[in-house]
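Everything below concerns the one structure shown next.
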Amino acid sequence: MLPNSPSDAVIRAATPDDDDAIGRIVAEGDAVADAQYLALVRAQGVRLSVAVADGRVVGFAGAADLVEATMLTDLFVAAERRGEGHGTRLLDAVFAERPRRMTFSSAHPAAHAAYARLGMEARWRLLYLSGVATGGGSLPPAAAWRHDRASLVEQWGRTGAHVSSDIVLVPDGGGRRIARLQHAEPVHLVEAVVAGLPAGTRVTMCVPEVSVLAAWAPAHDFSVTAFDTFRATAGVVLAPDLHVLDPGLA
Ligand SMILES: CC(C)(COP(=O)(O)OP(=O)(O)OC[C@H]1O[C@@H](n2cnc3c(N)ncnc32)[C@H](O)[C@@H]1OP(=O)(O)O)[C@@H](O)C(=O)NCCC(=O)NCCS
């Protein structure tokens, strides 16, 4: 048994009755899991689990079974219950019988220890890039998305995204987030977005540091505002032409 482990701690599937508790726990981790987010991940088939101890929800995890691997989408433990093994138990439950694993992890030291124990080694950083549109051009034309993750792109489309064959632009506050870009030559698509939006519009995107876009960005007034680390078990790789992705849903 883990040190200080409450004897009655259990992991079970989350139900909508847990949503308020999940929202509070995730907020303590400086993130948001509101009704809209939970509806999105449930619609994408993400398996949501909670840790319950002393009759209360004390932790929350989400995992999606993707083509590449099972991806951890969320992992949060209530601030006053950290270090008791709940995060470890949640991870063991969502990854049980699933040896191909991946996640985009924050810098939290407890998360790193737990992910390494499950065989997920750090590969590369996912850079959060932010820049500004210049205007004067036109966006890539609206068209059917021609890659995998069609249901995710459809869901973004229903909530106001501009969907083209290789790029998805999601409204984000007053700006736009490039949520997904899949193409062997990504630079001309980002340049079209920067020219196609009204001058001054904030443009953000999450880019693997190994992508040509990461090299292109600083010379075009995009700066790095944060990063996550892609961690995966041996043999798990993402499509080489996936140049912008969503750190929560890949
Ligand atoms: C990350 C988090 C989920 C871990 O949950 P937890 O229940 O506190 O973790 P556990 O008690 O199961 O400990 C997990 C591992 O981290 C170690 N650990 C725990 N607290 C630690 C700390 N403050 N610093 C370094 N290591 C720590 C444990 O010894 C254990 O290591 P082991 O697997 O080698 O035995 C929790 O701290 C959290 O919610 N953090 C804020 C949100 C966040 O950063 N989530 C991760 C997103 S990637």
Side-chain angles (χ1 to χ4, degrees), residues 1-14 18-34 37-38 40-41 44 46-66 68-96 98-128 206-209 224-234 236 238 245-250:
M1 185 176 287
L2 289 151
N4 306 320
S5 169
S7 55
D8 71 338
V10 292
I11 307 297
R12 61 163 172 77
D18 299 318
D19 287 5
D20 287 348
I22 290 171
R24 280 195 297 276
I25 290 168
V26 172
E28 289 176 2
D30 292 331
V32 176
D34 56 13
Y37 174 76
L38 292 171
L40 172 75
V41 294
Q44 290 303 313
V46 174
R47 294 178 284 118
L48 304 181
S49 302
V50 288
V52 179
D54 305 321
R56 298 182 57 191
V57 173
V58 297
F60 162 62
D65 295 316
L66 305 180
E68 300 88 347
T70 294
M71 173 166 157
L72 183 75
T73 59
D74 296 277
L75 178 66
F76 295 92
V77 169
E80 79 278 9
R81 304 301 298 254
R82 290 181 192 157
E84 296 178 8
H86 297 298
T88 299
R89 272 186 293 273
L90 280 163
L91 284 171
D92 287 347
V94 300
F95 282 130
R98 289 169 166 88
R100 293 175 64 78
R101 302 162 179 166
M102 62 185 230
T103 193
F104 291 92
S105 78
S106 71
H108 199 285
H112 287 199
Y115 297 159
R117 191 177 56 76
L118 288 165
M120 289 188 283
E121 296 299 340
R123 299 274 189 82
W124 38 258
R125 293 180 307 155
L126 182 72
L127 307 179
Y128 288 60
C206 291
V207 173
E209 65 181 337
V224 177
T225 58
F227 69 87
D228 287 335
T229 301
F230 177 61
R231 296 177 163 266
T233 52
V236 172
L238 300 184
L245 52 87
D246 184 299
L249 289 160

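Counting starts at 1 for both ligands and their atoms, following the listed order.
- Not a single N or O atom of F104, backbone or side chain, sits closer than 3.5 Å to an N or O atom of ligand 1.
- The side chain of R117, and not its backbone, has at least one atom closer than 4.0 Å to an atom of ligand 1 (non-hydrogen atoms only; side chain from C-beta on).
- In this structure a side-chain-to-backbone donor-acceptor pair under 3.5 Å is missing from T233 to G119.
- Only the backbone of E84 comes within 4.0 Å of ligand 1, counting heavy atoms alone; no side-chain atom from C-beta on gets that close.
- Here the CG-CD1 distance, from D92 to I11, works out to 9.0 Å after rounding to the nearest 0.5 Å.
- Across all their heavy atoms, A14 and I22 have their closest contact at CB-CD1, 4.1 Å.
- For ligand 1, the atoms sitting less than 4.0 Å from at least one non-hydrogen atom of F76 are 39 (O), 42 (C), numbered in the order shown with element in parentheses.
- Every N/O-N/O distance between R81 and ligand 1 stays at or above 3.5 Å.
- The shortest N/O to N/O separation between L75 and ligand 1 falls below 3.5 Å.
- One option in G87, A79, G83 has a heavy atom closer to atom 8 (O) of ligand 1 than any other, and that option is G83.
- For the residue pair G59 and L90, the shortest heavy atom distance occurs at C-CD1, 3.7 Å.
- Checked against a 3.5 angstrom limit, the closest N/O atoms of G29 and ligand 1 fall outside it.
- For the residue pair H86 and A9, the shortest heavy atom distance occurs at CE1-CB, 4.0 Å.
- Residue nearest to atom 27 (C) of ligand 1, selected from P247, A110, A111: A110 (by heavy-atom distance).
- The T88 neighbourhood of ligand 1 comprises atoms 10 (P), 12 (O), 13 (O), 14 (C), with distances under 4.0 Å to a heavy atom of that residue.
- Remark: ligand 1 and Y115 share no N or O pair separated by less than 3.5 Å (distance only, no angle test).
- Shown in contact with G85 at under 4.0 Å from a heavy atom are these atoms of ligand 1, numbered in order with element: 10 (P), 11 (O), 12 (O).
- Note that R231 lies outside the cation-pi zone of Y115, set by a 6.0 Å cut-off to the ring centre and a 45° limit from the axis.
- Taking the six-membered ring where tryptophan is involved, the planes of F230 and F104 are tilted, since the angle between them lies from 30° to 60°.
- Checked against a 3.5 angstrom limit, the closest N/O atoms of A114 and ligand 1 fall outside it.
- Between the CD atom in E121 and the OG1 atom in T229 there is a gap of 12.0 Å [rounded to 0.5 Å].
- Sparse packing is recorded around CZ of R56, with 12 or fewer heavy atoms of other residues, nucleotides or ligands lying under 6.0 Å away.
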